[in-house]
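To start, the structure under review is shown below, and the notes come after it.
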Amino acid sequence: MSEQRFRGQVTLDGPSGTGKSSVARAVAARLGAAYLDTGAMYRAATVAVIDAGVDPDDADAVARVVAGARIEVGTAAGVEQVEVDGADVAERIRGAEVTRNVSAVSAVPAVRRQLVDQQRALVASADAVVVEGRDIGTVVLPDATLKVYLTAAPEVRAQRRAGQLGIGDPAEVAALAADLRRRDEYDSSRADSPLRPAADAVVVDSTDLDREAVVDRVVDLALSSVGAGERT
Ligand SMILES: Nc1ncnc2c1ncn2[C@@H]1O[C@H](COP(=O)(O)OP(=O)(O)OP(=O)(O)O)[C@@H](O)[C@H]1O
Ligand SMILES: Nc1ccn([C@H]2C[C@H](O)[C@@H](COP(=O)(O)O)O2)c(=O)n1
């Protein structure tokens, strides 16, 4: 049950493992809003590329495969629905092979254009929506009601991800931290739509905040956002 009626778009961008998905889902539930995980769309595109046997670094081939794939994601906050050509890939998109290759696939401009068009269409069908990703405030929804950029210290992010995956071995935690650094670097340095905060984003550093505190902060910001957002 939502606490107050909110209309508009909340964008949540930031590096990997900063809490975008968990915070965005909870904020959407509190605001009674739809929820869109754009990372899931790039992951689904990566499944299509892997299944086609194409090299993720071959931009032309990647663009061709993704153009021919039907990628569908749900926008209900409580359910993860991700399909490629009608097949359920919600679990598979979280696997290591997809995570290893998703940055290369998501750096291909034609893939970005296709998925950004789809993202805007999904957002247009909702009167209240929380959208998470890397370029939502900068590229996908530059006029969003509220833009939040989530950050957290890299070592804290690695520890949280380790907790999520049930990993305690220090060598494996170090490998997780290295993977986070590699993806941050790739996502921030690509030519098309690099990861960076929008000029008008509110930066929330969750290093010393628990998840509920971050959710409270974003909900407060959304409900008090001036101008485009509405409360009824
Ligand atoms: N403020 C917080 N305090 C403690 N743990 C948190 C906090 N925010 C998120 N977490 C936990 O950190 C882990 C990573 O969060 P989440 O998957 O939401 O991040 P993300 O930014 O969406 O990652 P990615 O971009 O890689 O998909 C999860 O286990 C989540 O429960
Ligand atoms: N708007 C977006 C969302 C995601 N990506 C890319 C970059 C990430 O490494 C990858 C997976 O995202 P995650 O599920 O970890 O949030 O997808 C992007 O380029 N733009």
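Start at 1 and go down the list; that is how both ligands and their atoms are numbered.
Salt-bridge annotation for R5 and D127: present, with a side-chain N of the basic residue lying under 4.0 Å from a carboxylate O of the acidic one. A salt bridge between D13 and R134 is absent, with no side-chain N of the basic residue lying under 4.0 Å from a carboxylate O of the acidic one.
For ligand 1, none of its N or O atoms has an N or O atom of R94 under 3.5 Å away. Among the atoms of L209, some N or O lies under 3.5 angstrom from an N or O of ligand 1.
The side chain to side chain contact (heavy atoms under 4.5 Å, CB included) search around E97 returns I50, R100, N101, not counting sequence neighbours.
Taking 4.5 Å as the limit, some side-chain heavy atom of S106 sits within range of a side-chain heavy atom of R190.
Of the possible donor and acceptor atoms, one in the side chain of K20 sits under 3.5 Å from a partner among the backbone N and O of G14.
In the displayed structure, D208 atom CG is contacted under 6.0 Å by at most 12 heavy atoms of other residues, nucleotides or ligands. Residue R217 places its CZ atom among 12 or fewer non-hydrogen atoms of other residues, nucleotides or ligands, all under 6.0 Å distant.
Among protein heavy atoms, the minimum distance from atom 15 (O) of ligand 1 is reached at G19 CA, 3.6 Å. In this structure, atom 4 (C) of ligand 1 lies nearest to the protein heavy atom R160 NE, 3.2 Å. Atom 17 (O) of ligand 1 has its closest protein heavy atom at R161 NH2, 3.1 Å. For atom 18 (O) of ligand 1, the closest non-hydrogen atom on the protein side is S22 OG, 2.7 Å. In terms of protein heavy-atom proximity, atom 24 (P) of ligand 1 is closest to G17 N, 3.6 Å. At the shortest separation from atom 20 (P) of ligand 1 among protein heavy atoms lies K20 N, 3.5 Å.
No donor-acceptor contact under 3.5 angstrom links the side chains of T99 and D179, judged on distance only. With 3.5 Å as the limit, one finds a donor-acceptor pair spanning the side chains of R160 and S206. In this structure, a donor-acceptor pair under 3.5 Å is absent between the side chains of S188 and R183.
Close approach to R183 involves these atoms of ligand 1, each under 4.0 Å from a residue heavy atom: 26 (O). For ligand 1, the atoms sitting less than 4.0 Å from at least one non-hydrogen atom of S21 are 18 (O), 20 (P), 22 (O), numbered in the order shown with element in parentheses. Against a heavy-atom cut-off of under 4.0 Å, Q164 is close to the following atoms of ligand 1: 13 (C), 14 (C), 17 (O), 28 (C), 29 (O).
Under 4.0 angstrom from ligand 1, the non-hydrogen atoms of D210 all belong to its backbone.
Contact residues for ligand 2 (protein heavy atom closer than 4.0 angstrom to any ligand atom): T38, G39, Y42, R43, R94, V102, S103, S106, R112, G133, R134, D135, I136, R183, D187, R190.
For R134, the closest heavy-atom approach to ligand 1 falls below 4.0 Å.
Among V23, D220, D210, L209, the single residue meeting the side chain to side chain contact (heavy atoms under 4.5 Å, CB included) criterion with V215 is V23.
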Item to check | Derivation and outcome, side chain to side chain donor-acceptor pair (under 3.5 Å), residues E132 and T38 | outcome: CA-CA 6 Å; E132 60 135 316; T38 62; 5.9 Å; no
